[in-house]
Amino acid sequence: QNFSGWVRLRVSGPRGRQIRVRHAELLQPDGTLNVLPNQNAEAEDVFILKGRGQEVFEPRFTYHGFRYAEVTGFPGQPTLDNLEGCFVHSDVPKTGDFRCSHELLNRIHRNILWGQLSNLMSIPTDCPQRDERQGWLGDAHLAAEEAILNFDMAAFYSHFLEEIRLAQKEDGSLPDAV
């Protein structure tokens with residue numbers, strides 16, 4: 001499942017041990033991360049252990065768009081108890097839904113919801129995995145109707161419209177991204 005967020009890491013180990021977590025949406029045929037779709041986004045977090053019992057690393061200062069995480073430097077063999085994917089997005093209450101008798105259409109709708117939420121990070125972004133996490137106005141406009149159908153977007157869009165107003169130039173024109 002692709003999503004926006006980070007990996008929460010629970011670990012005990014020696015002081016100074018560096019643990020790296022890299023993120024990507026795809027794998028290479030050999031099972032290694034395919035970071036090419038990330039473009040220039042490094043999508044890597046580094047945690048240096050204090051060496052005082054169990055530590056929890058959760059990089060709340062950033063986020064990544066990913067499906068796979070590669071952990072190196074972990075002391076021992078990590079388990080599912082050590083790693084947790086945390087889905088992070090702006091808090092927009094769900095207000096709408098769609099269900100029908102055709103399971104493929106239901107799955108497509110669930111994918112739309114995950115994709116929409118993964119691109120709500122204070123502004124509407126176009127992709128959480130790449131290095132250009134910006135509020136492209138074209139993408140924001142194309143996704144607005146879907147977002148409003150499924151979520152309470154009033155506060156979110158009030159904020160974004162104010163950002164657009166502040167970015168407007170004296171001649172009335174707007175930049176491509178806000």
Side-chain angles (χ1 to χ4, degrees), residues 1-94 107 109-136 139-140 143 147 150-153 155-157 159-160 162-163 177-178:
Q1 173 70 59
N2 276 3
F3 64 97
S4 59
W6 52 68
V7 170
R8 181 181 297 134
L9 181 66
R10 291 177 182 85
V11 59
S12 296
R15 178 180 176 82
R17 169 69 66 101
Q18 282 192 12
I19 301 171
R20 295 182 183 277
V21 182
R22 293 186 337 145
H23 307 79
E25 292 184 310
L26 303 173
L27 296 177
Q28 301 283 5
D30 67 359
T32 59
L33 288 184
N34 178 354
V35 296
L36 290 177
N38 293 358
Q39 294 180 341
N40 293 320
E42 292 184 26
E44 180 178 25
D45 301 321
V46 178
F47 182 44
I48 301 173
L49 295 178
K50 294 177 189 173
R52 294 187 221 137
Q54 183 171 15
E55 300 177 53
V56 178
F57 174 59
E58 190 169 357
R60 295 173 181 253
F61 50 84
T62 189
Y63 70 93
H64 308 284
F66 69 106
R67 180 177 179 188
Y68 300 101
E70 172 192 85
V71 179
T72 56
F74 192 91
Q77 182 70 30
T79 69
L80 292 179
D81 293 330
N82 301 113
L83 305 168
E84 180 181 357
C86 300
F87 186 27
V88 179
H89 54 81
S90 291
D91 185 14
V92 288
K94 195 160 183 332
R107 181 66 185 156
H109 185 256
R110 285 191 301 272
N111 288 348
I112 289 167
L113 296 178
W114 274 91
Q116 180 68 53
L117 287 173
S118 289
N119 284 291
L120 295 180
M121 293 293 184
S122 174
I123 59 170
T125 64
D126 68 331
C127 55
Q129 83 284 9
R130 296 196 305 249
D131 57 345
E132 61 174 62
R133 301 177 200 159
Q134 299 181 53
W136 294 100
D139 293 37
N150 290 296
F151 303 102
D152 179 354
M153 299 296 292
F156 185 93
Y157 280 139
H159 164 76
F160 189 54
E162 178 63 13
E163 295 295 324
V178 172

- Item | Residue pair Val88 / Arg60, side-chain heavy-atom distance below 4.5 Å | no
- Task: Verify, without hydrogens or angle tests, whether Arg20 (side chain) and Gly73 (backbone) share a donor-acceptor contact under 3.5 angstrom.
- Result: no
- Message: Contact between Asn111 and Asn2 at the side-chain level, heavy atoms closer than 4.5 Å - yes or no?
- Response: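 Asn111 does not reach Asn2 side chain to side chain.
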- Item | Side-chain donor or acceptor of Arg133 paired with backbone N/O of Met121 under 3.5 Å |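 Absent.
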- OG1 of Thr72 to CD1 of Ile19, rounded to nearest 0.5 Å, is 9.0 Å
- Query: What pair of heavy atoms forms the shortest contact from Val11 to Phe47, and how long is it?
  - Reply: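 Closest approach of Val11 to Phe47: CG1-CE2, 3.8 Å.
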- pair Trp136-Pro124: side-chain heavy atoms closer than 4.5 Å: no
- Message: With heavy-atom distances below 4.5 Å as the criterion, would you say the side chains of Arg22 and Glu42 are in contact?
- Response: no
- So how far is it from Ser90 OG to His159 NE2, rounded to the nearest 0.5 Å?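 These two atoms lie 8.0 Å from each other.
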- Message: Show the nearest heavy-atom pair for residues Tyr63 and Ser4, with the distance to one decimal.
- Response: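 For Tyr63 versus Ser4, the nearest heavy atoms are CD1-CB, 4.1 Å.
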- Considering residues at least two apart in sequence or located in another chain, which fulfil the side chain to side chain donor-acceptor pair (under 3.5 Å) criterion with Asn119? Thr125
- Closest non-hydrogen atom pair between Trp6 and Thr62, with its separation: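 Heavy atoms of Trp6 and Thr62 come nearest at CE3-O, 3.0 Å.
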- Message: Phe57 and side chain to side chain contact (heavy atoms under 4.5 Å, CB included): which single residue from Asp45, Val46, Val7 fits?
- Response: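 Answer to the side chain to side chain contact (heavy atoms under 4.5 Å, CB included) test with Phe57 among Asp45, Val46, Val7: Asp45.
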- Message: With rounding to the nearest 0.5 angstrom, report the CG to OG distance, Asp91 to Ser122.
- Response: 12.5 Å
- Note on the structure: CD of Gln1 to CH2 of Trp114, rounded to nearest 0.5 Å, is 4.5 Å
- Task: Considering non-hydrogen atoms only, spot the tightest contact between Ile123 and Val178 and give its length.
- Result: CD1-O, 4.0 Å
- To the nearest 0.5 angstrom, please state how far the CE atom of Met153 sits from the CD atom of Gln116.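 So the gap between those two atoms works out to 6.0 Å.
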- Message: Checking Glu44 against His64 for the side chain to side chain contact (heavy atoms under 4.5 Å, CB included) test, could you report, in this order, the C-alpha distance in whole Å, the side-chain angles of both residues, the deciding distance, and whether it holds?
- Response: CA-CA 9 Å; Glu44 180 178 25; His64 308 284; over 6 Å; no
- Message: Any non-hydrogen side-chain atom of Glu84 less than 4.5 Å from a side-chain atom of Arg10?
- Response: yes
- Task: Identify the two heavy atoms, one from Val35 and one from His23, that lie closest to each other, and give their separation to 0.1 Å.
- Result: CG1-O, 4.2 Å
- Task: Over all heavy atoms of both residues, which pair between Phe74 and Leu9 is shortest? Give the atoms and the distance, please.
- Result: CE1-CD1, 3.8 Å
- Using a 4.5 Å cut-off on heavy atoms from C-beta on, say whether the side chain of Asn34 contacts that of Tyr68. no
- Task: Starting at CD of Glu25, measure out to SG of Cys127 and round the result to the nearest 0.5 Å.
- Result: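 Nearest 0.5 Å value for the CD-SG distance: 8.5 Å.
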- Message: Classify the ring geometry of Phe66 against Phe3: parallel below 30°, tilted from 30° to 60°, perpendicular beyond 60°.
- Response: tilted
- Item | Glu163 atom CD, neighbour heavy-atom count above 12 within 6.0 Å |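 Above 12, so yes.
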- When you measure from the side chain of Asn38 to the backbone N and O of Arg130, does any donor-acceptor pair fall under 3.5 Å?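 No, Asn38 side chain to Arg130 backbone: no donor-acceptor pair under 3.5 Å.
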